[in-house]
Q: 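One structure follows; several queries about it will come next.
Residue numbering restarts at 1 for every chain, and letters A, B, ... go by the order of the sequence lines.
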Protein chains: 2
Amino acid sequence: MAYKRSTLMQERLADNRERILKAARALVAEGGFRQASVTAVAQSAGLSTGALYRYFPSKAELFVEVLGAAVAHEVAILGDIARGDGSATQRLRAAVESFARRALQGPYLAYAFIAEPADPEVEAARLIARAQIGDVFKKLLKDGIASGEFPKQSVDIGAACIVGAFTEALVRPVAPTAKRVTEDKLVEGIADFCLRAVGARVGG
Amino acid sequence: MAYKRSTLMQERLADNRERILKAARALVAEGGFRQASVTAVAQSAGLSTGALYRYFPSKAELFVEVLGAAVAHEVAILGDIARGDGSATQRLRAAVESFARRALQGPYLAYAFIAEPADPEVEAARLIARAQIGDVFKKLLKDGIASGEFPKQSVDIGAACIVGAFTEALVRPVAPTAKRVTEDKLVEGIADFCLRAVGARVGG
DNA sequence: CAAAGAAATGAAATAAGATTCACAAAAGGG
DNA sequence: CCCTTTTGTGAATCTTATTTCATTTCTTTG
């Protein structure tokens with residue numbers, strides 16, 4: 001037996017991996033997928049492109065992990081807020097503001113959640129991410145409806161509109177939401193959303 | 001003088017051009033930019049790739065035109081609705097439903113308005129397109145506020161949310177809207193939008 | 001129909017980026 | 001210190017597009 005990874009080495013490897021992930025996230029946040037070439041990520045992490053492939057089997061898998069980590073973080077924060085104290089109205093406001101604020105800080109990262117990714121594998125990860133975040137808002141809507149704060153409405157449509165939102169609801173109808181709704185219902189739901197959003201009475 | 005384009009030839013050329021544009025639009029509508037390679041477009045239009053370059057100097061310019069035409073069409077329809085009869089509430093609902101319905105038919109085309117495009121030139125066209133459509137909704141919001149149907153609110157933020165919407169408002173703050181607003185105002189505006197959208201009272 | 005110009009073809013050139021690989025450097029163990 | 005294994009390098013390769021161009025085919029006109 002001639003080689004066994006020392007703890008020090010173990011740590012250095014883990015550190016490299018972490019640095020690659022961070023570099024990838026930073027580059028996407030800064031300039032989108034466009035700027036996040038394998039070469040750029042490797043360079044930014046202080047490694048050669050070849051070395052990067054020792055840590056990740058492909059660019060796609062690297063970005064799946066980047067997306068996954070970012071979303072896990074996001075879901076944790078939003079989940080805390082959603083499970084917190086206060087009325088559903090207050091919690092919803094807090095969640096939206098929190099989400100929006102973070103999105104504003106790294107617009108391209110938020111963008112990457114929503115926009116067409118370069119790779120089908122990343123696309124799959126994206127759909128999962130959206131569903132997870134959507135679930136948080138869905139819970140809030142259900143709470144609000146149960147407490148009588150919000151009028152009865154489709155929580156699936158509402159959640160999809162809040163995350164994503166409107167836009168994505170149009171682009172990939174019902175993909176992230178569980179139940180299948182008819183096109184009419186979806187269109188009506190979106191219209192209702194917009195009308196309520198501007199303060200108009202939906203019934204009238 | 002040995003050659004002059006006959007009317008027939010003239011028409012055939014115009015027809016080819018038209019067919020290229022249609023093929024490009026169809027391919028984007030069907031499967032996004034991904035599927036709309038120059039080769040695919042040319043083939044689908046019944047021409048060689050080389051021939052395509054007689055009609056358009058580059059792929060980017062072709063898609064700028066595709067986008068431009070689609071948006072001109074969209075703006076014309078929405079503009080008619082916005083200038084029509086009825087309350088602002090009715091017209092807004094009609095405009096949103098009309099827009100949504102068409103978007104549902106060609107989800108990827110709608111997507112192309114919003115998603116990160118491959119090319120900076122197309123990106124520029126996209127921003128202009130968004131601004132034009134945003135203006136239609138802005139007018140509607142102004143009308144509704146003037147008539148007392150809608151509460152006073154930022155029409156820039158509201159329009160950005162409706163077109164695009166929420167999503168895009170987060171991703172590229174104030175890019176499409178004229179006036180610059182502070183980050184706080186934008187976040188608050190988005191939160192207000194969502195709260196009203198679910199029927200919660202904003203003031204309370 | 002023959003000459004001359006215009007349009008179309010599609011294979012080759014180019015570009016840009018991801019991935020591989022032969023080799024070099026470093027680490028671990030005796 | 002030398003051998004083995006792992007890790008790192010970066011130029012070469014592969015891949016997937018767009019774009020060009022020498023050649024062919026079609027149109028027009030005398």
Q: Measure the distance from CZ on A:F63 to C1' on C:dA18 and round it to the nearest whole Å.
A: 12 Å

Q: C:dA8, D:dT9, C:dA27: which one has an atom nearest the side-chain heavy atoms of A:S48?
A: D:dT9

Q: Reckon B:L47 touches a base, only the sugar-phosphate, or nothing at all at heavy-atom distances under 4.0 Å?
A: sugar-phosphate

Q: A:S58 has a side chain; which of C:dT19, D:dG8, C:dT9 sits nearest to it?
A: C:dT19

Q: Please determine, for the side chain of B:V38, which listed nucleotide (D:dG8, C:dA27, D:dT18) has the closest atom?
A: D:dT18

Q: If you assign A:S37 and A:G50 each to the DNA chain C nucleotide with the nearest heavy atom, which residue ends up on the more 5' nucleotide?
A: A:S37

Q: So what does B:L8 hit on the nucleic acid, given a heavy-atom distance under 4.0 Å: a base, only sugar-phosphate, or nothing?
A: nothing

Q: For A:Q35, look at atom CD and say whether over 12 heavy atoms of other residues, nucleotides or ligands are found less than 6.0 Å away.
A: yes

Q: With a 4.5 Å limit on heavy-atom distance, are the side chains of B:F63 and B:F56 in contact?
A: no

Q: Taking atom C1' of C:dA7 as reference, at what distance in whole Å does atom CZ of B:R17 sit?
A: 16 Å

Q: Can you check the B:R12 CZ to D:dC26 P distance for me, whole Å?
A: 10 Å

Q: Looking only at side-chain atoms of A:T49, point me to the closest of D:dT18, C:dT19, C:dA8.
A: C:dT19

Q: Contact class for A:F56 vs. all strands (heavy atom < 4.0 Å): base, sugar-phosphate, or nothing?
A: nothing

Q: Would you kindly give the OH-to-P distance between A:Y55 and C:dA18, to the nearest whole Å?
A: 20 Å

Q: With the side chain counted from C-beta on, respond yes when A:L47 and A:L52 share a heavy-atom pair under 4.5 Å apart, and no when they do not.
A: no

Q: It should be established whether A:N16 places a side-chain nitrogen or oxygen under 4.0 Å from OP1 or OP2 of nucleotide D:dG8.
A: yes

Q: What is the distance, rounded to the nearest whole Å, between atom NZ of A:K59 and atom P of D:dT15?
A: 18 Å

Q: Closer than 4.0 Å, any side-chain N/O of B:R54 to the OP1 or OP2 of D:dT19?
A: no

Q: Can a salt bridge be assigned to the pair A:E30 and A:R25 using a cut-off of 4.0 Å between side-chain N and carboxylate O?
A: no

Q: So which one's nearest nucleotide on DNA chain D is more toward 5', B:A51 or B:A40?
A: B:A40

Q: Output the rounded distance in Å from CD (A:Q10) to P (C:dG28).
A: 11 Å

Q: Take atom CD1 of B:I20 and atom C1' of C:dA8, then tell me their distance rounded to the nearest Å.
A: 11 Å

Q: Counting side-chain heavy atoms from CB outward, which of C:dA7, D:dT19, C:dT19 is closest to B:M9?
A: C:dA7

Q: May I have the distance from B:Y53 (atom OH) to D:dT19 (atom P), rounded to whole angstrom?
A: 3 Å

Q: Indicate yes or no: at least one non-hydrogen side-chain atom of A:V66 is less than 4.5 angstrom from one of A:L21.
A: yes

